[in-house]
Colleague: 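One structure follows; several queries about it will come next.
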Amino acid sequence: MLTKVFGSAVFGVEATTITVEVNVDIGVGYHLVGLPDNAIKESNYRIAAALLNNGYRIPGKKITLNLAPADLRKEGSAYDLTLAVGILTASGQIQSQNLENYVIMGELSLDGGLQPIKGALPIAIKAQEEGFKGFILPKQNAKEAAIVAGLEVYGVENIAEVIAFFDKDEPMPRTVVDIQEEFYKNLDLPEFDFSDVRGQEGIKRCMEIAAAGGHNIILIGPPGSGKTMLAKRLPSILPPMTLNEALETTKIHSVVGKIKNTGLMNQRPFRSPHHTISDVALVGGGTYPQPGEISISII
């Protein structure tokens with residue numbers, strides 16, 4: 001039996017929908033194709049344990065799984081839940097209704113629990129653009145995905161909830177975020193405030209000029225003189241972020257996995273990379289391109 005389940009892959013800061021095709025046939029074997037990396041190739045061990053601990057199993061038949069488009073590299077463990085639901089449906093262990101309406105992503109623990117994923121926000125944006133009804137993902141990522149209007153977001157803690165949702169039509173709690181309320185919450189309450197600094201009048205005046213004019217500033221001095229303390233508080237005297245800035249900043253931080261159990265970022269980010277940082281870590285890139293510290297700090 002052939003089943004199609006939908007996931008997503010993040011390249012840079014944009015997502016691409018991935019169709020996971022699962023075919024169960026006569027024979028023996030487990031074949032995973034479509035340029036998966038090692039984390040995806042190891043998924044069958046996590047899936048087997050998770051299903052067994054929840055009363056299901058990987059069938060002893062020939063299973064072929066294709067991640068299409070097959071010419072794009074896929075990475076990470078976020079396809080565990082997608083593959084598991086596809087295997088259960090293709091083997092007839094559950095009857096999944098309206099499976100084609102949902103994007104499903106999540107890393108499985110051996111007990112069936114779900115671990116957070118990276119890039120939930122760009123995945124949700126892509127799913128909404130392509131007309132999917134809902135997005136099923138780990139509960140820790142639900143709030144950031146729920147800021148996308150027009151998409152039903154379901155944060156789950158265990159694969160058993162997903163199975164019950166499709167097989168038994170049991171409802172799952174939907175995560176709803178008021179984007180305006182989320183944006184204005186704590187907008188004027190920075191974690192570090194410029195008014196905390198006592199003395200340092202000369203450099204404070206320089207930083208105020210730099211903030212007002214949008215200039216760069218370099219701080220030079222011995223350790224302990226207050227350079228990091230002052231730089232960390234500079235965002236508190238910058239104008240508040242606009243909604244578009246907040247969305248773009250949240251999107252970049254989502255890709256690198258720095259957003260968990262939170263929705264929209266409404267504070268300007270501060271980054272403090274070590275002086276021995278590599279070029280790739282600073283500017284981004286790599287085999288699987290990721291944003292660097294410069295991109296993460298952009299506001």
Side-chain angles (χ1 to χ4, degrees), residues 7-18 37 39 72-78 105 107 116-129 135 137-138 140-141 143-148 177 179 182-183 186-187 190-192 207 210-211 213-219 227-299:
S8 192
V10 178
F11 299 95
V13 294
E14 301 294 335
T16 300
T17 299
I18 302 298
D37 72 348
L72 293 178
R73 286 191 173 274
K74 292 81 179 181
E75 66 166 338
S77 53
M105 297 291 288
E107 176 188 335
I117 64 173
K118 295 180 180 180
L121 179 55
I123 292 173
I125 292 173
K126 189 66 174 180
Q128 190 272 338
E129 289 176 354
F135 184 15
L137 75 168
Q140 298 95 318
N141 302 110
K143 287 191 69 176
E144 63 176 285
I147 65 178
V148 178
V177 171
I179 189 170
E182 192 74 16
F183 175 64
N186 301 324
L187 184 64
E191 183 180 1
F192 303 101
M207 297 189 79
H215 308 301
N216 297 319
I217 185 169
I218 182 170
L219 306 180
K227 302 184 298 297
T228 302
M229 176 194 68
L230 285 158
K232 190 178 291 184
R233 285 160 174 77
L234 180 62
S236 68
I237 61 173
L238 292 172
M241 297 174 73
T242 65
L243 182 56
N244 287 336
E245 288 177 333
L247 285 168
E248 193 66 24
T249 302
T250 305
K251 188 176 179 181
I252 295 173
H253 282 246
S254 174
V255 169
V256 294
K258 296 188 178 296
I259 297 180
K260 294 176 183 177
N261 295 314
T262 57
L264 192 67
M265 289 185 62
N266 52 16
Q267 298 292 333
R268 297 185 182 276
F270 169 79
R271 304 298 300 168
S272 181
H274 195 263
H275 66 275
T276 61
I277 190 172
S278 68
D279 293 343
V280 171
L282 183 64
V283 303
T287 305
Y288 299 99
Q290 289 281 305
E293 288 291 335
I294 292 176
S295 298
I296 298 172
S297 65
I298 289 176
I299 48 178

Colleague: In plain terms, say whether Lys251 and Glu144 are close enough for a salt bridge, that is, a side-chain N and a carboxylate O under 4.0 Å apart.
Modeller: no
Colleague: Counting C-beta onward and ignoring hydrogens, is there a side-chain heavy-atom pair between Val148 and Phe135 closer than 4.5 Å?
Modeller: no
Colleague: Less than 4.5 Å apart, side chain to side chain, heavy atoms only: is that true for Lys118 and Val10?
Modeller: no
Colleague: Would you check if the side chain of Ser8 reaches a backbone N or O of Ala15 as a donor-acceptor pair within less than 3.5 Å?
Modeller: no
Colleague: Over all heavy atoms of both residues, which pair between Val280 and Gly285 is shortest? Give the atoms and the distance, please.
Modeller: CG1-C, 3.8 Å
Colleague: Check whether any side-chain N or O of Asp37 sits under 3.5 Å from a backbone N or O of Gly76 as a donor-acceptor pair, and report yes or no.
Modeller: yes
Colleague: Is there side-chain contact between Val177 and Leu264, with heavy atoms separated by less than 4.5 Å?
Modeller: no
Colleague: To the closest 0.5 Å, what do you measure between OG (Ser297) and NE2 (His253)?
Modeller: 8.0 Å
Colleague: With sequence neighbours excluded, what pairs up with Lys126 under the salt bridge (charged side-chain N to carboxylate O under 4.0 Å, His left out) test?
Modeller: Glu130
Colleague: I'd like to know whether CZ of Arg73 has more than 12 heavy-atom contacts from other residues, nucleotides or ligands below 6.0 angstrom.
Modeller: no
Colleague: Roughly how far, to the nearest 0.5 Å, is the NZ atom of Lys143 from the CG atom of Leu121?
Modeller: 13.5 Å
Colleague: Measure the spacing between CE of Met207 and CG of Leu238 and express it to the nearest 0.5 Å.
Modeller: 9.0 Å
Colleague: Using a 4.5 Å cut-off on heavy atoms from C-beta on, say whether the side chain of Arg268 contacts that of Glu245.
Modeller: yes
Colleague: Is there a donor-acceptor contact under 3.5 Å from the side chain of Ser254 to the main chain of Thr250?
Modeller: no
Colleague: For the atom pair NZ (Lys258) and CZ (Arg271), what is the distance rounded to the nearest 0.5 Å?
Modeller: 4.5 Å
Colleague: Rounded to the nearest 0.5 Å, how far does CD1 of Ile296 lie from OG1 of Thr249?
Modeller: 11.5 Å
Colleague: Please table the atom pairs, donor to acceptor, closer than 3.5 Å between any side-chain atom in residues 230-237 and protein atoms at least two apart or in another chain.
Modeller:
residue: Arg233; atom: NE; partner: Asp193; partner atom: O; Å: 3.4
residue: Arg233; atom: NH1; partner: Met229; partner atom: O; Å: 3.1
residue: Ser236; atom: OG; partner: Phe194; partner atom: N; Å: 2.9
residue: Ser236; atom: OG; partner: Arg233; partner atom: O; Å: 2.6

Colleague: First locate atom CG of Leu247, then atom CD1 of Ile147, and finally report the distance between them rounded to the nearest 0.5 Å.
Modeller: 5.5 Å
Colleague: Looking only at heavy atoms, which two atoms of Val255 and Pro291 are closest? And how far apart?
Modeller: CG1-CD, 3.8 Å
Colleague: Of the non-hydrogen atoms in Ala120 and Leu137, which two are nearest, and what is the gap between them?
Modeller: CB-CD1, 3.8 Å
Colleague: Would a 4.5 Å heavy-atom cut-off, applied to side chains only, mark Ile117 and Pro138 as touching?
Modeller: yes
Colleague: Can you see which heavy atom on Met105 is nearest to which on Gly7, and at what distance?
Modeller: SD-CA, 3.5 Å
Colleague: For a 4.5 angstrom cut-off between non-hydrogen side-chain atoms, does Glu191 reach Gln267?
Modeller: no
